[in-house]
Amino acid sequence: MSPTPNHPTDFNLLDLIDQPADLRRLPKRQLVQLATQLRAELIERVAQTGGHLAANLGVVELTIALHYVFNTPDDRLIWDVGHQSYGHKMLTGRREAMSGLRTRDGISGFTRRVESDFDPFGAGHSSTSISAALGMAVAAKLRGEDHHAVAVIGDGALTAGQAFEALNHAGDMKANLLVVLNDNEMSISRNVGALNQHLTRLRSNPVVNKLRQGGQNLLSQTGPLGEILNTTRVGLRDGMKHLLGVTSLFEELGFAYFGPIDGHDLPLLVDTLENLRRQTGPRLLHVVTQKGRGFNPAELDPVRYHGVGKFDPEKVIKLEPQSVSQSTAQKTPPPKTWTMAFGDWLDTQGGNPSVVVITPAMIEGSGLAGFAARHPQRCFDVGIAEQHAVTFAGGLAAEGLRPVVAIYSTFLQRAWDQMIHDIALQNLPVLFAVDRAGLVGPDGATHAGSFDLAFGQAVPNLKIAVPADAADLHAVLDWGIAADSPVLVRYPRGECPSDLGGEAARTPLGLRVRRRAEDPHQSLLVIALGSKVQAALNASADLAATVVDLRWAKPIDWPALLPLIHEHAAWMIIEEGSKLSSIGASMIAHTSELGLFKPVKHIALPDTFIEHGTRTECLADCGLDERSLNSTMTDFLRQVLPA
Ligand SMILES: Cc1ncc(C[n+]2csc(CCOP(=O)(O)OP(=O)(O)O)c2C)c(N)n1
Ligand SMILES: CC(=O)[C@@H](O)[C@H](O)COP(=O)(O)O
Ligand SMILES: [Mg+2]
């Protein structure tokens, strides 16, 4: 089948809609046509910018139905993660702004309060929507206001503990809250876990389905008759389901459960939501959708089309989904990313039966696909459950296995307590492979890995490696997998140099001098961490500078470093982590305590959230690109060594 989307020839109804109020003026019979047009435009627009395509295609009908039935923005509509909110953006005054999606000064790929009144709660990390919607429902009650709170959460996002914490609270509070469960059987990869199996049972249980089919027409009846019929139907259905033992988990948690219904049947969605809008209390509507719906390549391969770079809608994307910003225009294979280099190392561990790998729902993004395929019994996708992932690894380590937790820096934030309490406090040998450490570019502030150095260095027993190239990434991972304590190895998004050369480390945890200045007394000592080593080498190529690759942010190789600081005219630290609580700040504090006072400059991420853009643009904003580094070094040298 051709991947070309169906271009509607009719008048584009989207031209009539600036705000949902305009949508609500359309007759119901035109909504299906609108869905076709919205879907076609979504494909066209995401092809030009890149972004999260498949999830958005799956919620086209749901998006229209929700805005049609609910009085947004007075009624609060909260999208979990927010990666599926593009259609919502296009119906809420941001259609033209889609051309700048995820680009500098353009709109975000997620929901953001500062962007629109129609985004009542920002997201990017998953599984927060029910908590936020519950907060809004309770606020409305306390303030005597009469608006609805609706959370739309995916089956993947529902696997996280926080979603259950919120259901638990909401069900008990009898809060006036509607949760729409968008079940497409997918997280980024296929969804996993017993909950997923429960949803499958709800979708496919013949008894539930019989009851559903019998009751669906009634549920979709509108008006007072519908309400009466529905109340009776729900009562009857619930009674029968209890009798037959096919109740949903949600009912046990105090929610009235409706569905599952076909999330692409727009008239049914509208009628059902209209009915649910008239009801009160905690309600959950189970909607079944297809990820990638309406675009054949995405339907066939929703994993690859979860996040895409710019693409030609006429062609099927062939590249591995390693990075959202990859361009399909590339003819030669792309250079190796850090993720790939990590995947290569993991493959070398295949023969070690003690090595087990854990990912919280990021198999592809973390470079685990190869290891997972070859050693499925030793690779655990635990779903979106970062806290559990870390403590689960602790249990494995306590029994003598060598767990590797492959996790993005930004998502590890969720498991800081587990890292402290369950791993470091017990000095368990868990290896944290922390990807996307530093700025990530188009995903922006929610996904920036700005804090792992800050929160990691505060943890006793934890060692932190910051390799600068693939050779050293492999060396520190080799060391980390054999260590008798927890080790965190951090590396950024993007291209990984294979070997930057220079002097060897004197000890396994030692620093490396990558380039030595001829006359240190007349030179700058540049100490760089991780990906900043290559940048520092390039930026200082024509300057009097020694470049040190710190390699380990904790412990710091002070025996090698102190003499270098002593002999140089000044020193400089460059790192891609938040400046407050940074490694550089700790180094400066330590040398001050030793009474070693030398001119020093420290470049790190400022104390602000860095917006989306390309990674290069974002780095430039922080003075961390090569050009800015070169001018800072030049100025600093002039200052400390006037001609
Ligand atoms: C805390 C957290 N962990 C991981 C992710 C990465 N992530 C983004 S979307 C996604 C899949 C979500 O699946 P689901 O909620 O079912 O939405 P779908 O894409 O299927 O519509 C994952 C794992 C995230 N955003 N937040
Ligand atoms: C929405 C989300 O959280 C992820 O899909 C994220 O966009 C992954 O980005 P990478 O491209 O860095 O894997
Ligand atoms: Mg899903």
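Numbers here are sequence positions counted from 1. Just follow the structure's listing: the first ligand is 1, and inside any ligand the first atom is 1.
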From [atom], work out which of [options] has a heavy atom at the shortest distance.
atom	options	result
atom 5 (O) of ligand 2	His83, His306, Glu364, Met362	His306
atom 11 (C) of ligand 1	Pro302, Ser187, Gly156	Ser187
atom 19 (O) of ligand 1	Lys291, Met362, Met186	Lys291
atom 17 (O) of ligand 1	His83, Gln84, Gln162	His83
atom 2 (C) of ligand 2	Arg102, Arg493, His447, Gln84	His447
atom 15 (O) of ligand 1	Ala389, Ala157, Gly383	Ala157

Among all protein non-hydrogen atoms, which one is nearest to atom 23 (C) of ligand 1, and what is the separation to 0.1 Å?
->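 Result for atom 23 (C) of ligand 1: Ile384 CD1, 3.4 Å.
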With the threshold set at 4.0 Å, does a side-chain nitrogen-carboxylate oxygen contact exist between Glu115 and Arg94?
->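 Salt bridge between Glu115 and Arg94, a charged N being under 4.0 Å from a carboxylate O: yes.
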Between Lys336 and Asp344, does at least one N-O distance fall below 4.0 Å, as a salt bridge requires?
->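 Looking at Lys336 and Asp344, the cut-off is met.
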Is the gap between the ring centers of His52 and Tyr305 under 6.0 Å?
->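 Ring-ring flag for His52/Tyr305: false, centres at least 6.0 Å apart.
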Report yes or no: does Gly365 have a heavy atom closer than 4.0 Å to ligand 1?
->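 The answer is no, since Gly365 has no heavy atom less than 4.0 Å from ligand 1.
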State if Pro360 counts as touching ligand 1 under the rule of any non-hydrogen atom under 4.0 Å.
->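 In this structure, Pro360 fails to qualify as a contact of ligand 1 - no heavy atom is under 4.0 Å.
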Protein-derived N, O or S atoms lying under 2.8 Å from the Mg ion (ligand 3), waters excluded |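 That number is 3, waters not included.
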Provide the number and element of each atom of ligand 1 under 4.0 Å from a heavy atom of [X].
X	result
His125	25 (N), 26 (N)
Ser126	1 (C), 2 (C), 24 (C), 25 (N), 26 (N)
Gly154	14 (P), 15 (O), 16 (O)
Ala55	19 (O), 21 (O)
Ala361	23 (C)
Glu386	1 (C), 2 (C), 3 (N), 4 (C)
Asn184	18 (P), 20 (O), 21 (O)

Would you check if there is a donor-acceptor pair between the side chains of Arg493 and Thr339 at a distance under 3.5 Å?
->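 Not at all, the side chains of Thr339 and Arg493 share no donor-acceptor pair under 3.5 Å.
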So, His148 side chain and Leu77 main chain: donor-acceptor pair closer than 3.5 Å or not?
->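 No, the answer is negative, given that no donor and acceptor are paired below the 3.5 Å cut-off.
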Pairing residues for Asp452 by the salt bridge (Lys or Arg N to Asp or Glu O under 4.0 Å) criterion, not counting sequence neighbours |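 Partners of Asp452 by the salt bridge (Lys or Arg N to Asp or Glu O under 4.0 Å) criterion, ordered by chain and then number, come out as Arg490.
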With Arg95 via salt bridge (Lys or Arg N to Asp or Glu O under 4.0 Å) - residues at least two apart |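 Counting only residues at least two positions away or on another chain, Arg95 forms a salt bridge (Lys or Arg N to Asp or Glu O under 4.0 Å) with Asp15, Glu41.
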Crowded around Phe121 CZ? As in, over 12 foreign heavy atoms under 6.0 Å?
->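 Result for CZ/Phe121: open.
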Should we say atom NE2 of His388 is surrounded by more than 12 heavy atoms from elsewhere, each under 6.0 Å from it?
->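 Enclosed: over 12 neighbouring heavy atoms sit under 6.0 Å from NE2 of His388.
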Among His88, His83, His447, the one residue meeting ring-ring contact (aromatic ring centres under 6.0 Å, His included) with Phe110 |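 Exactly one option meets the ring-ring contact (aromatic ring centres under 6.0 Å, His included) with Phe110, and it is His447.
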Residue pairs, two or more places apart or on separate chains, that pass salt bridge (charged side-chain N to carboxylate O under 4.0 Å, His left out) and touch residues 289-301 =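 Residue pairs with at least one partner in residues 289-301: Asp301-Arg304.
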